[in-house]
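The structure under discussion appears below in the form of structure tokens.
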Amino acid sequence: MNPDQAEIFESYHDDLAAVERKIAGEIDPGYRAMVVAGAVFVLLLTLVLPHAGHTRGLDILFSDDTAAADRIGLPSRVFQWFVLIFGIGFSSLALLTRRWAFAWVAVAGTAVGSVFGVLSIWHRQTPGIGNYRGAGPSVGLILGAIAMIVLTFHWLKVVWSRTAVQLEAEEQRRIAAAEEEERSRRWLMGEED
């Protein structure tokens, strides 16, 4: 590589690094985008489906009298907020923007939300104080827990996978660094072409 070529390469070095950083911050969910979108739709549907007894998901979010009458406990309340914030909110944001950071927040939130979903189902089947037995888990709660587990699985696969473009950019960066190192070595040894 002659000095003119080295100068030209150096002028593009910062641009290449910026492009690589931009690519590294993006995700490509591929076919999983349809599965994630379907799971988000199911979560939206669970907000209007019965959660337990006569209580819907929206009743829990708004702390409605219906939720109080059905004695909806803390696990179900926390679960519904995780559904809204991470299952619907951050999953939609990650799908729309294709940003890796939003996908990571979505996977972390849906993983914790999945635990609260299973805990909510268990809580609805356990007798309360004074041997109180309320309504068991309904279709909205069960579908919501399953959808959160599906979201967790698919977001994990998306955030851990590397796209071909990302791998190619990393390879080009390694080649460029090796060429620069070789050029510097030759210059130091006086073997300049």
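A quick note: this is a predicted structure, and the numbers were derived from the prediction, not measured. In this chain, numbering begins with 1 at the start of the sequence shown.
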Specify the closest pair of heavy atoms between [X] and [Y], including all atoms of both residues, with the distance to one decimal.
X	Y	answer
L95	P29	CD2-CG, 4.3 Å
T152	V107	O-CG2, 3.7 Å
S114	I149	OG-N, 3.4 Å
G144	L43	O-CD2, 3.7 Å
P50	S138	O-CB, 3.3 Å
R124	L141	CG-CD2, 3.9 Å

field: L47 and I88: CA distance, side-chain angles, deciding distance, side-chain contact (heavy atoms from CB on, under 4.5 Å) verdict
entry: CA-CA 11 Å; L47 294 177; I88 296 170; 4.0 Å; yes

Say whether [X] and [Y] are linked into one hydrophobic cluster, either directly or through other cluster members, by side-chain heavy-atom distances under 4.5 angstrom.
X	Y	result
L45	I60	no
L84	V115	no
F153	M148	no
W160	W100	yes
V150	V118	no

- request: Indicate yes or no: does R186 engage E182 in a salt bridge with an N to O separation below 4.0 Å.
  value: yes

I need the [X] [atom1] to [Y] [atom2] distance, nearest 0.5 Å.
X	Y	atom1	atom2	result
I121	L119	CD1	CG	10.0 Å
F102	L93	CZ	CG	5.0 Å
E180	R185	CD	CZ	13.0 Å

- prompt: Under 3.5 Å, is there a donor-acceptor pair between the side chain of S91 and the main chain of V36?
  reply: no

query: Pairs in or reaching into residues 47-61: which pass side chain to side chain donor-acceptor pair (under 3.5 Å), with residues at least two apart or in two chains?
result: H51-S76, T55-D70, R56-D59

Of W81, F86, W122, F82, the residue whose pairing with F116 passes ring pair (Phe, Tyr, Trp, His ring centres under 6.0 Å): F82

Any pair counted as salt bridge (Lys or Arg N to Asp or Glu O under 4.0 Å), so long as it reaches residues 108-122, sequence neighbours left out: none

message: Under a 3.5 Å cutoff, is there a donor and acceptor pairing between the side chains of W155 and T110?
response: no

